[in-house]
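Below you'll find the structure, written out as structure tokens, and then a few comments.
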Amino acid sequence: MNNIVLIGFMGCGKSTVGIKLSYRLRRIVEDTDKLIEKKAGKSISEIFKEDGEPCFRQMETECLEELLNSKEEKILATGGGLPIRRENHALLKQLGCVVYLRISPECVYERLKNDTSRPLLQCENPLEQIRTLLAKRTPVYEEAADLVVDVDGKDMEQIIAEIVQKLKEHGYLQEGEKL
């Protein structure tokens with residue numbers, strides 16, 4: 001499949017980049033978290049609270065499996081923890097080119113310090129929690145990714161331009177694709 005799959009830590013911009021990239025490439029954007037919320041009939045925070053993280057992680061895997069049935073080329077924004085499950089790596093690769101939006105802990109903290117909707121950041125020291133989680137997840141993101149784009153200190157146009165350039169360089173965009 002020829003989807004563009006965005007992975008990375010919470011706050012790195014997957015949803016926003018997905019929307020902007022969908023306009024640029026004229027593709028539909030799907031957000032796995034939004035698909036899961038719609039199917040479950042409740043928010044991610046409610047799923048974590050009522051059903052637990054393992055249940056949510058299983059829902060993410062099932063969501064990827066369902067996306068494999070779509071024939072349309074899309075931009076897919078994933079939840080920050082989705083690549084944690086190794087079985088999801090093969091599904092991500094089957095779905096298309098996996099782009100890791102890499103971000104520093106400090107940048108995440110600045111972007112999310114006032115966001116109360118992130119269950120994993122509702123703790124006494126969110127910056128330390130971000131550092132710990134990011135240290136664990138970075139090797140997983142890198143392993144799952146086909147391409148890596150650093151987002152710190154860049155505006156949205158710079159990020160989109162870099163993604164499009166790397167997709168072209170690596171042959172992920174077809175000749176006739178509108179840019």
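We use all heavy atoms of the structure for the numbers below, so side chains are in, but hydrogens, waters and symmetry mates are not.
Residues Q94 and L91 meet the side-chain proximity criterion, which asks for heavy atoms closer than 4.5 Å. Under the 4.5 Å side-chain criterion, counting only non-hydrogen atoms from C-beta, L67 is in contact with T32. The shortest side-chain heavy-atom distance between I75 and I28 does not fall under the 4.5 Å cut-off. Between L68 and L95 there is a side-chain heavy-atom pair separated by less than 4.5 Å. The shortest side-chain heavy-atom distance between R111 and I103 falls under the 4.5 Å cut-off.
Hydrophobic clustering places M59 together with I44 (ILVMFWY residues linked when any side-chain heavy atoms are closer than 4.5 Å, directly or through intermediates).
For residues 64-89, there are no ring-ring contact (aromatic ring centres under 6.0 Å, His included) pairs, not counting sequence neighbours. For residues 49-77, every residue pair satisfying the ring-ring contact (aromatic ring centres under 6.0 Å, His included) rule, not counting sequence neighbours, is listed here: F48-F56. Sorted by first then second residue, the ring-ring contact (aromatic ring centres under 6.0 Å, His included) pairs that include residues 17-40, not counting sequence neighbours, number zero.
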side-chain contact (heavy atoms from CB on, under 4.5 Å) between T132 and E128, worked out: CA-CA 6 Å; T132 301; E128 194 53 42; 4.0 Å; yes
Would you check, one step at a time, whether the test salt bridge (Lys or Arg N to Asp or Glu O under 4.0 Å) holds for R57 with E60? CA-CA 5 Å; R57 298 297 173 206; E60 287 180 316; 3.0 Å; yes
Working note: L134 + R131, criterion side-chain contact (heavy atoms from CB on, under 4.5 Å); need CA distance, chi angles, decisive distance, verdict. CA-CA 5 Å; L134 206 45; R131 285 188 178 124; 6.0 Å; no
Starting from the C-alpha separation in whole Å, work towards a yes-or-no answer on side-chain contact (heavy atoms from CB on, under 4.5 Å) for R102 and E142. CA-CA 9 Å; R102 187 165 47 196; E142 290 172 351; 3.4 Å; yes
Before you tell me yes or no, could you show the steps for V164 and L21 under side-chain contact (heavy atoms from CB on, under 4.5 Å), namely the whole-Å CA-CA distance, both residues' side-chain angles and the distance that decides it to 0.1 Å? CA-CA 8 Å; V164 168; L21 200 54; 3.9 Å; yes
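Residues satisfying the salt bridge (charged side-chain N to carboxylate O under 4.0 Å, His left out) test with D146, not counting sequence neighbours, are K93. Residues forming a ring pair (Phe, Tyr, Trp, His ring centres under 6.0 Å) with Y141 (at least two apart in sequence, or on another chain): Y100. In this view, E143 and R86 satisfy the salt bridge (charged side-chain N to carboxylate O under 4.0 Å, His left out) rule, not counting sequence neighbours. E87 pairs by the side chain to side chain donor-acceptor pair (under 3.5 Å) definition with R85, not counting sequence neighbours. Annotation: side chain to side chain donor-acceptor pair (under 3.5 Å) contacts of T138 (sequence neighbours excluded): none. Taking the salt bridge (charged side-chain N to carboxylate O under 4.0 Å, His left out) definition, one finds that K42 meets it with E50, D51, sequence neighbours left out. Not counting sequence neighbours, N3 has no partner by the side chain to side chain donor-acceptor pair (under 3.5 Å) test. Not counting sequence neighbours, the partners of E66 by the side chain to side chain donor-acceptor pair (under 3.5 Å) test are K39.
Put simply, the residue from V5, T78, L76 that forms a side-chain contact (heavy atoms from CB on, under 4.5 Å) with E30 is L76.
Taking every heavy atom of both residues into account, S104 and D152 meet most closely at OG-OD2, 2.7 Å. Nearest approach of L127 to P105, heavy atoms of both residues: CD1-O, 3.8 Å. In this structure, L82 and N88 approach most closely via the heavy-atom pair O-ND2, 2.8 Å. The heavy-atom pair separating V29 from S22 by the smallest distance is CB-CB, 3.8 Å. In plain terms, the two heavy atoms of V99 and V149 that are nearest each other are CG1-CG2, 4.1 Å.
Distance alone, capped at 3.5 Å, places no donor-acceptor pair between the E110 side chain and the C107 backbone. Judged by distance alone, the side chain of K166 and the main-chain N or O of V148 form a donor-acceptor pair under 3.5 Å.
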For residues 7-15, dump all side-chain donor-acceptor pairs below 3.5 Å to protein atoms at least two apart in sequence or in another chain.
{"unit_1": "K14", "atom_1": "NZ", "unit_2": "G8", "atom_2": "O", "d": "2.8"}
{"unit_1": "K14", "atom_1": "NZ", "unit_2": "F9", "atom_2": "O", "d": "3.1"}
{"unit_1": "S15", "atom_1": "OG", "unit_2": "D31", "atom_2": "OD2", "d": "2.7"}

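Side-chain atoms of K74 and S70 form a donor-acceptor pair, as typed in the model, at a separation below 3.5 Å.
Look at R27 and E72 and you find no salt bridge, because none of the NZ, NE, NH1 or NH2 atoms lies under 4.0 Å from a carboxylate O. Ionic pairing of K49 and E46 is not present here: no N-O contact between side-chain nitrogen and carboxylate oxygen is shorter than 4.0 angstrom. Electrostatic pairing of K154 and E162 counts as a salt bridge here, judged by a charged N lying under 4.0 Å from a carboxylate O.
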